[in-house]
Amino acid sequence: MSLSSSAFAISAHSFSFKARRPKTPLPSSFQNPLRCNSTPSVPPLSRKLHPVKATILQEDEEDVVVEKSFRTTSFPGNGIEEVEASRGNSSSSSLERWIIKVEQSVNIFLTDSVIKILDTLYRDRDYARFFVLETIARVPYFAFISVLHMYESFGWWRRADYLKVHFAESWNEMHHLLIMEELGGNSWWFDRFLAQHIAIFYYFMTVFMYALSPRMAYHFSECVESHAFETYDKFIKARGDELKKKPAPEVAIKYYTGGDLYLFDEFQTDRAPCSRRPKIENLYDVFANIRDDEAEHCKTMKACQTHGNLRSPHSYEEDGFEDTPDCMIPEADCEGIVDCIKKSLTPSQVKQIRTVERNR
(Lines give C-alpha, C1' and ligand atoms only; values in the text may rest on other atoms or scores of the structure.)
Protein backbone atom coordinates (compact mmCIF):
# COMPACT_ATOMS: atom_id res chain seq x y z
CA MET A 1 0.00 0.00 0.00
CA SER A 2 2.82 2.41 0.81
CA LEU A 3 4.50 1.72 -2.56
CA SER A 4 1.29 2.32 -4.48
CA SER A 5 0.51 5.50 -2.55
CA SER A 6 4.05 6.79 -3.23
CA ALA A 7 3.72 6.07 -6.93
CA PHE A 8 0.37 7.85 -7.00
CA ALA A 9 1.87 10.88 -5.22
CA ILE A 10 4.80 11.01 -7.66
CA SER A 11 2.52 10.81 -10.72
CA ALA A 12 0.21 13.47 -9.30
CA HIS A 13 3.16 15.74 -8.63
CA SER A 14 4.51 15.34 -12.18
CA PHE A 15 1.06 16.01 -13.61
CA SER A 16 0.70 19.20 -11.59
CA PHE A 17 4.18 20.31 -12.72
CA LYS A 18 3.22 19.90 -16.37
CA ALA A 19 -0.05 21.67 -15.79
CA ARG A 20 1.74 24.75 -14.47
CA ARG A 21 3.32 25.56 -17.84
CA PRO A 22 0.55 27.36 -19.77
CA LYS A 23 1.41 29.59 -22.69
CA THR A 24 0.95 33.26 -22.02
CA PRO A 25 -1.29 34.71 -24.76
CA LEU A 26 -1.23 38.30 -25.93
CA PRO A 27 -3.90 40.57 -24.45
CA SER A 28 -6.97 40.76 -26.64
CA SER A 29 -6.84 44.56 -26.55
CA PHE A 30 -3.59 44.72 -28.53
CA GLN A 31 -3.91 47.23 -31.39
CA ASN A 32 -1.73 47.77 -34.45
CA PRO A 33 -1.08 51.53 -34.54
CA LEU A 34 0.46 51.49 -38.00
CA ARG A 35 -2.61 50.95 -40.15
CA CYS A 36 -4.09 53.91 -41.94
CA ASN A 37 -7.58 52.89 -40.88
CA SER A 38 -8.30 51.85 -37.32
CA THR A 39 -8.99 48.16 -36.86
CA PRO A 40 -10.63 46.47 -33.91
CA SER A 41 -7.73 44.17 -33.09
CA VAL A 42 -4.69 42.41 -34.44
CA PRO A 43 -4.01 38.68 -34.04
CA PRO A 44 -1.26 37.74 -31.60
CA LEU A 45 2.34 38.20 -32.64
CA SER A 46 4.50 35.14 -33.09
CA ARG A 47 7.91 34.97 -31.53
CA LYS A 48 9.13 32.97 -34.49
CA LEU A 49 8.76 36.04 -36.66
CA HIS A 50 10.58 38.28 -34.21
CA PRO A 51 13.95 36.97 -33.02
CA VAL A 52 15.01 38.51 -29.75
CA LYS A 53 18.26 39.77 -31.25
CA ALA A 54 16.42 41.91 -33.77
CA THR A 55 14.74 43.91 -31.03
CA ILE A 56 17.67 44.58 -28.73
CA LEU A 57 18.87 48.12 -28.12
CA GLN A 58 22.30 48.28 -26.53
CA GLU A 59 21.48 51.04 -24.10
CA ASP A 60 24.89 51.07 -22.45
CA GLU A 61 26.64 52.27 -25.61
CA GLU A 62 27.35 55.95 -25.25
CA ASP A 63 27.92 57.21 -28.77
CA VAL A 64 25.40 55.29 -30.84
CA VAL A 65 22.33 55.23 -28.64
CA VAL A 66 19.63 55.20 -31.26
CA GLU A 67 16.04 56.28 -31.29
CA LYS A 68 13.77 53.27 -30.99
CA SER A 69 12.18 52.69 -34.37
CA PHE A 70 8.51 51.89 -33.73
CA ARG A 71 7.91 49.12 -31.20
CA THR A 72 11.37 47.60 -30.82
CA THR A 73 10.76 46.63 -27.17
CA SER A 74 7.03 46.02 -27.24
CA PHE A 75 7.04 42.37 -28.26
CA PRO A 76 5.46 39.96 -25.79
CA GLY A 77 7.41 37.68 -23.54
CA ASN A 78 8.50 37.85 -19.93
CA GLY A 79 12.05 36.66 -20.57
CA ILE A 80 13.02 39.28 -23.15
CA GLU A 81 13.95 41.92 -20.58
CA GLU A 82 16.44 39.56 -18.93
CA VAL A 83 18.07 38.71 -22.26
CA GLU A 84 18.30 42.40 -23.13
CA ALA A 85 19.97 43.22 -19.84
CA SER A 86 22.53 40.42 -20.09
CA ARG A 87 23.43 41.16 -23.70
CA GLY A 88 23.63 44.89 -23.03
CA ASN A 89 26.12 44.32 -20.22
CA SER A 90 28.26 41.93 -22.25
CA SER A 91 28.41 44.17 -25.33
CA SER A 92 29.31 47.44 -23.61
CA SER A 93 33.01 46.73 -23.39
CA SER A 94 35.55 49.50 -23.37
CA LEU A 95 37.15 48.20 -26.57
CA GLU A 96 33.89 48.42 -28.48
CA ARG A 97 33.23 51.94 -27.24
CA TRP A 98 36.73 52.94 -28.34
CA ILE A 99 36.14 51.47 -31.82
CA ILE A 100 32.87 53.37 -32.09
CA LYS A 101 34.56 56.65 -31.19
CA VAL A 102 37.27 56.07 -33.79
CA GLU A 103 34.69 55.25 -36.48
CA GLN A 104 32.65 58.34 -35.72
CA SER A 105 35.72 60.58 -35.58
CA VAL A 106 36.76 59.42 -39.05
CA ASN A 107 33.24 59.99 -40.38
CA ILE A 108 33.04 63.50 -38.95
CA PHE A 109 36.45 64.38 -40.40
CA LEU A 110 35.45 63.16 -43.88
CA THR A 111 32.11 64.96 -43.75
CA ASP A 112 33.67 68.24 -42.61
CA SER A 113 36.25 68.02 -45.39
CA VAL A 114 33.58 67.64 -48.07
CA ILE A 115 31.52 70.45 -46.54
CA LYS A 116 34.47 72.85 -46.72
CA ILE A 117 34.98 72.04 -50.40
CA LEU A 118 31.30 72.61 -51.18
CA ASP A 119 31.26 75.86 -49.19
CA THR A 120 34.19 77.14 -51.24
CA LEU A 121 32.80 76.15 -54.65
CA TYR A 122 29.12 76.94 -54.10
CA ARG A 123 28.99 79.91 -51.81
CA ASP A 124 26.40 81.84 -53.88
CA ARG A 125 24.97 79.07 -56.09
CA ASP A 126 22.34 77.29 -54.03
CA TYR A 127 20.59 75.18 -56.66
CA ALA A 128 23.89 73.89 -58.04
CA ARG A 129 24.99 73.00 -54.51
CA PHE A 130 21.74 71.16 -53.91
CA PHE A 131 22.19 69.25 -57.17
CA VAL A 132 25.62 68.06 -56.05
CA LEU A 133 24.31 67.16 -52.60
CA GLU A 134 21.43 65.11 -53.94
CA THR A 135 23.65 63.32 -56.45
CA ILE A 136 25.92 62.28 -53.60
CA ALA A 137 23.19 61.61 -51.01
CA ARG A 138 21.53 58.78 -52.94
CA VAL A 139 24.78 56.84 -53.47
CA PRO A 140 25.00 55.14 -50.01
CA TYR A 141 21.65 53.42 -50.51
CA PHE A 142 22.88 51.94 -53.80
CA ALA A 143 25.94 50.68 -51.94
CA PHE A 144 23.92 49.20 -49.06
CA ILE A 145 21.65 47.34 -51.48
CA SER A 146 24.63 46.01 -53.46
CA VAL A 147 26.31 44.54 -50.39
CA LEU A 148 23.04 43.15 -49.04
CA HIS A 149 22.38 41.41 -52.36
CA MET A 150 25.87 39.89 -52.17
CA TYR A 151 25.16 38.62 -48.65
CA GLU A 152 21.83 37.25 -49.82
CA SER A 153 23.48 35.42 -52.75
CA PHE A 154 25.98 33.78 -50.38
CA GLY A 155 23.22 32.86 -47.93
CA TRP A 156 24.75 34.94 -45.15
CA TRP A 157 22.08 37.50 -44.41
CA ARG A 158 18.53 37.63 -45.74
CA ARG A 159 16.67 40.72 -44.57
CA ALA A 160 13.98 41.98 -46.90
CA ASP A 161 13.15 44.97 -44.69
CA TYR A 162 16.60 46.48 -45.18
CA LEU A 163 16.34 46.14 -48.96
CA LYS A 164 12.87 47.69 -49.02
CA VAL A 165 13.75 50.65 -46.82
CA HIS A 166 17.03 51.44 -48.57
CA PHE A 167 15.39 51.30 -51.98
CA ALA A 168 12.66 53.67 -50.76
CA GLU A 169 15.36 56.03 -49.48
CA SER A 170 17.10 56.04 -52.86
CA TRP A 171 13.72 56.65 -54.55
CA ASN A 172 13.16 59.69 -52.33
CA GLU A 173 16.63 61.09 -53.02
CA MET A 174 16.15 60.54 -56.74
CA HIS A 175 13.10 62.81 -56.69
CA HIS A 176 15.05 65.43 -54.78
CA LEU A 177 17.59 65.26 -57.59
CA LEU A 178 14.90 65.59 -60.26
CA ILE A 179 13.56 68.68 -58.49
CA MET A 180 16.99 70.31 -58.48
CA GLU A 181 17.46 69.50 -62.16
CA GLU A 182 14.11 71.11 -62.98
CA LEU A 183 15.26 74.21 -61.05
CA GLY A 184 18.43 74.39 -63.20
CA GLY A 185 20.94 73.06 -60.70
CA ASN A 186 22.65 70.89 -63.33
CA SER A 187 23.01 73.56 -66.02
CA TRP A 188 26.82 73.82 -65.72
CA TRP A 189 29.03 71.03 -67.10
CA PHE A 190 31.47 71.44 -64.20
CA ASP A 191 28.74 70.77 -61.64
CA ARG A 192 27.65 67.58 -63.38
CA PHE A 193 31.28 66.42 -63.76
CA LEU A 194 32.11 67.07 -60.10
CA ALA A 195 28.95 65.48 -58.71
CA GLN A 196 29.19 62.34 -60.84
CA HIS A 197 32.86 61.68 -60.09
CA ILE A 198 32.42 62.27 -56.38
CA ALA A 199 29.50 59.85 -56.51
CA ILE A 200 31.65 57.13 -58.13
CA PHE A 201 34.34 57.44 -55.46
CA TYR A 202 31.72 57.64 -52.72
CA TYR A 203 30.01 54.46 -53.95
CA PHE A 204 33.10 52.25 -53.75
CA MET A 205 34.15 53.80 -50.44
CA THR A 206 30.70 53.08 -48.97
CA VAL A 207 30.69 49.50 -50.28
CA PHE A 208 34.05 48.86 -48.61
CA MET A 209 32.99 50.58 -45.39
CA TYR A 210 29.62 48.81 -45.25
CA ALA A 211 31.22 45.41 -45.82
CA LEU A 212 33.64 45.95 -42.93
CA SER A 213 31.41 47.85 -40.50
CA PRO A 214 27.74 48.55 -41.29
CA ARG A 215 27.54 50.65 -38.13
CA MET A 216 30.27 52.98 -39.40
CA ALA A 217 28.68 53.25 -42.86
CA TYR A 218 25.29 54.09 -41.39
CA HIS A 219 26.80 56.74 -39.13
CA PHE A 220 28.62 58.31 -42.06
CA SER A 221 25.36 58.45 -44.02
CA GLU A 222 23.70 60.00 -40.98
CA CYS A 223 26.37 62.74 -40.99
CA VAL A 224 25.71 63.46 -44.67
CA GLU A 225 21.94 63.58 -44.18
CA SER A 226 22.35 65.81 -41.12
CA HIS A 227 24.38 68.28 -43.18
CA ALA A 228 21.71 68.22 -45.90
CA PHE A 229 19.02 69.00 -43.32
CA GLU A 230 21.01 71.96 -41.95
CA THR A 231 21.70 73.26 -45.46
CA TYR A 232 18.04 73.24 -46.49
CA ASP A 233 16.94 74.68 -43.16
CA LYS A 234 19.31 77.66 -43.48
CA PHE A 235 18.22 78.19 -47.09
CA ILE A 236 14.52 78.25 -46.16
CA LYS A 237 15.06 80.70 -43.31
CA ALA A 238 17.17 83.02 -45.47
CA ARG A 239 14.94 83.04 -48.58
CA GLY A 240 11.56 81.96 -47.30
CA ASP A 241 9.60 85.01 -48.48
CA GLU A 242 11.05 84.74 -51.97
CA LEU A 243 10.30 81.02 -52.22
CA LYS A 244 6.66 81.50 -51.25
CA LYS A 245 6.13 83.61 -54.36
CA LYS A 246 7.46 80.98 -56.79
CA PRO A 247 5.50 78.01 -58.17
CA ALA A 248 6.38 74.45 -57.25
CA PRO A 249 8.06 72.21 -59.87
CA GLU A 250 5.75 69.71 -61.51
CA VAL A 251 7.88 66.74 -60.44
CA ALA A 252 7.56 67.78 -56.79
CA ILE A 253 3.77 68.03 -57.02
CA LYS A 254 3.51 64.56 -58.56
CA TYR A 255 5.86 62.97 -56.02
CA TYR A 256 4.45 64.48 -52.82
CA THR A 257 0.76 64.49 -53.75
CA GLY A 258 0.56 61.51 -56.13
CA GLY A 259 -1.79 58.61 -55.70
CA ASP A 260 0.70 55.87 -54.76
CA LEU A 261 2.72 56.98 -51.73
CA TYR A 262 3.81 53.53 -50.57
CA LEU A 263 7.52 54.23 -51.11
CA PHE A 264 7.15 57.68 -49.58
CA ASP A 265 5.94 56.03 -46.36
CA GLU A 266 8.48 53.22 -46.59
CA PHE A 267 11.65 55.22 -45.91
CA GLN A 268 10.15 57.00 -42.87
CA THR A 269 10.75 54.24 -40.34
CA ASP A 270 10.18 56.48 -37.31
CA ARG A 271 6.53 57.19 -38.12
CA ALA A 272 3.48 55.15 -39.07
CA PRO A 273 2.39 54.87 -42.73
CA CYS A 274 -0.07 57.52 -43.94
CA SER A 275 0.80 59.81 -41.02
CA ARG A 276 2.54 62.40 -43.22
CA ARG A 277 0.86 63.82 -46.31
CA PRO A 278 2.56 67.03 -47.55
CA LYS A 279 0.76 69.95 -49.18
CA ILE A 280 2.59 71.57 -52.08
CA GLU A 281 1.40 75.07 -52.96
CA ASN A 282 4.66 76.87 -53.75
CA LEU A 283 8.41 76.43 -53.87
CA TYR A 284 8.70 77.08 -50.15
CA ASP A 285 6.59 73.99 -49.43
CA VAL A 286 8.83 71.94 -51.69
CA PHE A 287 12.03 72.84 -49.86
CA ALA A 288 10.33 72.48 -46.48
CA ASN A 289 9.34 68.93 -47.35
CA ILE A 290 12.79 68.11 -48.71
CA ARG A 291 14.24 69.34 -45.42
CA ASP A 292 11.80 67.14 -43.49
CA ASP A 293 12.72 64.18 -45.70
CA GLU A 294 16.37 64.61 -44.73
CA ALA A 295 15.37 64.57 -41.06
CA GLU A 296 13.57 61.26 -41.61
CA HIS A 297 16.67 59.86 -43.32
CA CYS A 298 18.71 60.85 -40.26
CA LYS A 299 16.35 58.96 -37.96
CA THR A 300 16.46 55.85 -40.14
CA MET A 301 20.26 55.90 -40.38
CA LYS A 302 20.51 56.36 -36.63
CA ALA A 303 18.23 53.37 -36.04
CA CYS A 304 20.31 51.23 -38.42
CA GLN A 305 23.39 51.65 -36.24
CA THR A 306 21.91 49.10 -33.83
CA HIS A 307 22.20 45.78 -35.63
CA GLY A 308 18.82 44.24 -36.48
CA ASN A 309 16.81 47.25 -35.25
CA LEU A 310 15.45 48.30 -38.65
CA ARG A 311 12.04 47.16 -39.84
CA SER A 312 9.86 48.29 -42.71
CA PRO A 313 6.93 50.44 -41.52
CA HIS A 314 4.55 48.33 -43.59
CA SER A 315 5.80 45.01 -42.19
CA TYR A 316 3.96 45.61 -38.92
CA GLU A 317 0.69 45.15 -40.78
CA GLU A 318 1.72 41.55 -41.45
CA ASP A 319 2.30 40.58 -37.82
CA GLY A 320 -0.90 38.58 -37.62
CA PHE A 321 0.61 35.26 -38.76
CA GLU A 322 0.79 32.79 -35.92
CA ASP A 323 3.31 30.38 -37.39
CA THR A 324 6.07 30.71 -39.92
CA PRO A 325 5.36 28.65 -43.08
CA ASP A 326 7.65 25.66 -43.56
CA CYS A 327 8.64 26.82 -47.03
CA MET A 328 10.22 30.06 -45.75
CA ILE A 329 14.01 30.15 -45.50
CA PRO A 330 15.17 31.23 -42.02
CA GLU A 331 17.10 34.47 -41.96
CA ALA A 332 20.81 34.31 -41.43
CA ASP A 333 22.14 36.93 -39.07
CA CYS A 334 25.54 38.60 -39.29
CA GLU A 335 27.08 42.04 -39.21
CA GLY A 336 29.78 42.87 -41.76
CA ILE A 337 31.68 40.54 -44.06
CA VAL A 338 34.12 39.39 -41.35
CA ASP A 339 31.26 38.32 -39.10
CA CYS A 340 29.47 36.67 -42.03
CA ILE A 341 32.52 34.61 -43.03
CA LYS A 342 33.14 33.59 -39.42
CA LYS A 343 29.56 32.44 -38.95
CA SER A 344 29.52 30.65 -42.29
CA LEU A 345 32.42 28.49 -41.03
CA THR A 346 30.64 27.67 -37.77
CA PRO A 347 29.61 24.00 -37.56
CA SER A 348 25.98 23.45 -38.48
CA GLN A 349 25.23 21.79 -35.14
CA VAL A 350 26.30 24.88 -33.25
CA LYS A 351 24.21 27.04 -35.58
CA GLN A 352 21.14 24.96 -34.83
CA ILE A 353 21.67 25.30 -31.08
CA ARG A 354 22.00 29.08 -31.37
CA THR A 355 18.87 29.25 -33.51
CA VAL A 356 16.88 27.29 -30.94
CA GLU A 357 18.14 29.55 -28.15
CA ARG A 358 17.11 32.70 -30.05
CA ASN A 359 13.60 31.37 -30.70
CA ARG A 360 12.94 30.53 -27.04
Side-chain angles (χ1 to χ4, degrees), residues 111 114-115 118 122 126-148 161-186 191-192 194-207 209-210 217-233 235-236 248-258 260-271 276 278 280 285-304 310 312-313:
T111 307
V114 175
I115 291 174
L118 295 178
Y122 299 99
D126 294 316
Y127 292 159
R129 179 192 181 100
F130 297 154
F131 168 77
V132 175
L133 276 178
E134 296 301 342
T135 303
I136 297 173
R138 58 200 294 252
V139 168
Y141 308 119
F142 298 155
F144 299 158
I145 293 173
S146 299
V147 178
L148 290 174
D161 285 1
Y162 280 72
L163 293 172
K164 288 169 61 180
V165 172
H166 292 330
F167 176 77
E169 289 179 297
S170 68
W171 188 257
N172 176 259
E173 298 289 5
M174 183 195 73
H175 283 84
H176 292 179
L177 181 62
L178 294 176
I179 292 171
M180 299 311 158
E181 291 178 351
E182 190 169 337
L183 294 174
N186 64 336
D191 298 330
R192 298 193 301 272
L194 179 66
Q196 293 166 0
H197 285 75
I198 291 178
I200 293 174
F201 172 79
Y202 188 23
Y203 171 80
F204 288 105
M205 185 193 76
T206 306
V207 167
M209 185 185 296
Y210 190 65
Y218 284 132
H219 179 262
F220 185 70
S221 186
E222 180 193 353
C223 293
V224 174
E225 299 292 357
S226 177
H227 168 68
F229 171 84
E230 294 174 359
T231 302
Y232 286 119
D233 189 58
F235 176 73
I236 291 172
E250 188 66 24
V251 63
I253 297 175
K254 290 181 179 179
Y255 175 67
Y256 285 110
T257 62
D260 186 3
L261 295 176
Y262 180 91
L263 290 176
F264 179 74
D265 293 329
E266 183 69 19
F267 81 92
Q268 304 179 72
T269 57
D270 195 53
R271 60 170 66 241
R276 180 185 168 208
I280 305 297
D285 294 336
V286 174
F287 278 100
N289 280 285
I290 292 176
R291 177 200 59 189
D292 295 342
D293 290 347
E294 305 299 350
E296 295 297 333
H297 286 299
C298 286
K299 295 175 185 178
T300 300
M301 291 297 97
K302 194 172 184 179
C304 287
L310 182 68
S312 163

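FYI, side chains are in, hydrogens and waters are out, and symmetry mates aren't considered; it's all heavy atoms of this structure.
To the nearest 0.5 Å, atom CG of residue L163 and atom CZ of residue F144 are 12.5 Å apart. For the atom pair CD1 (I200) and NE2 (H197), the distance works out to 5.5 Å, reported to the nearest 0.5 Å. Between the CD atom in E222 and the NZ atom in K302 there is a gap of 6.0 Å [rounded to 0.5 Å]. A distance of 11.0 Å separates OG1 in T231 from CD1 in I236, rounded to the nearest 0.5 Å. Atom CD1 of I136 and atom OG1 of T206 lie 10.5 Å apart (nearest 0.5 Å). Put simply, SG on C223 and CD1 on I115 are 8.5 Å apart, with the number rounded to the nearest 0.5 Å.
Side-chain contact between P278 and D285 is absent, with no heavy-atom pair separated by less than 4.5 Å. Between P140 and V224, every side-chain heavy-atom pair lies at or beyond the 4.5 Å cut-off. A 4.5 Å side-chain heavy-atom check between W171 and H175 finds at least one atom pair inside the cut-off. You'll find the side chain of Y210 reaches within 4.5 Å of the side chain of Y218, heavy atoms only.
Residues P313 and E266 approach most closely at CD-O, 3.3 Å, considering heavy atoms. The nearest pair of heavy atoms linking D260 to Y262 is OD1-N, 3.2 Å. Between Y162 and L148, the shortest heavy-atom distance links the atoms CB-CD1, 3.7 Å. Contact detail for C298 and S226: the closest heavy-atom pair is SG-N, 3.3 Å. When all heavy atoms are compared, the tightest approach of L263 to A168 is O-CB, 3.5 Å.
In terms of the side-chain contact (heavy atoms from CB on, under 4.5 Å) criterion, residue partners of I253 (sequence neighbours excluded) are, by chain and number, A248, E250, T257, I280. Here Y232 pairs with F130 under the ring-ring contact (aromatic ring centres under 6.0 Å, His included) rule; sequence neighbours left out. Among residues two or more places apart in sequence or in another chain, the side chain to side chain donor-acceptor pair (under 3.5 Å) test is passed with T300 by T269. Qualifying salt bridge (Lys or Arg N to Asp or Glu O under 4.0 Å) partners for R129, counting only residues two or more places apart in sequence or in other chains: D119. For N186, the side chain to side chain donor-acceptor pair (under 3.5 Å) criterion is met by no residue, not counting sequence neighbours. Residues passing the side-chain contact (heavy atoms from CB on, under 4.5 Å) test with Y203, sequence neighbours excluded: V139, F142, A143, S146, V207. Listed by chain and residue number, D191 satisfy the side chain to side chain donor-acceptor pair (under 3.5 Å) test with Y122 (two or more places apart in sequence, or in another chain). Not counting sequence neighbours, the partners of D233 by the side-chain contact (heavy atoms from CB on, under 4.5 Å) test are K237, R291. The side chain to side chain donor-acceptor pair (under 3.5 Å) test applied to E296 returns R271, not counting sequence neighbours. Residues satisfying the side-chain contact (heavy atoms from CB on, under 4.5 Å) criterion with F201, sequence neighbours excluded, are M205. Every salt bridge (Lys or Arg N to Asp or Glu O under 4.0 Å) that D126 has, sequence neighbours left out, goes to R239. Residues meeting the ring-ring contact (aromatic ring centres under 6.0 Å, His included) test with F131, sequence neighbours left out: none.
Under a 4.0 Å N-O distance rule, the pair D293/R276 qualifies as a salt bridge.
The closest side-chain donor-acceptor pair between Q268 and H297, if any, does not fall under 3.5 angstrom. Side chains of H227 and E230: a donor-acceptor N/O pair is absent below 3.5 angstrom, by distance only.
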Could you go through the side-chain contact (heavy atoms from CB on, under 4.5 Å) check for L310 and D161 one step at a time? CA-CA 7 Å; L310 182 68; D161 285 1; 5.6 Å; no
Quick one, H166 with E169, criterion side chain to side chain donor-acceptor pair (under 3.5 Å). Give me CA distance, side-chain angles, the key distance, then yes/no. CA-CA 5 Å; H166 292 330; E169 289 179 297; 2.9 Å; yes
Run the side-chain contact (heavy atoms from CB on, under 4.5 Å) check on E134 and I290 step by step: do they pass? CA-CA 11 Å; E134 296 301 342; I290 292 176; 4.2 Å; yes
Decide yes or no on side-chain contact (heavy atoms from CB on, under 4.5 Å) for E173 and E225, but give the supporting numbers first. CA-CA 11 Å; E173 298 289 5; E225 299 292 357; 3.0 Å; yes
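Aromatic ring centres of F167 and Y141 lie farther apart than the 6.0 Å criterion allows.
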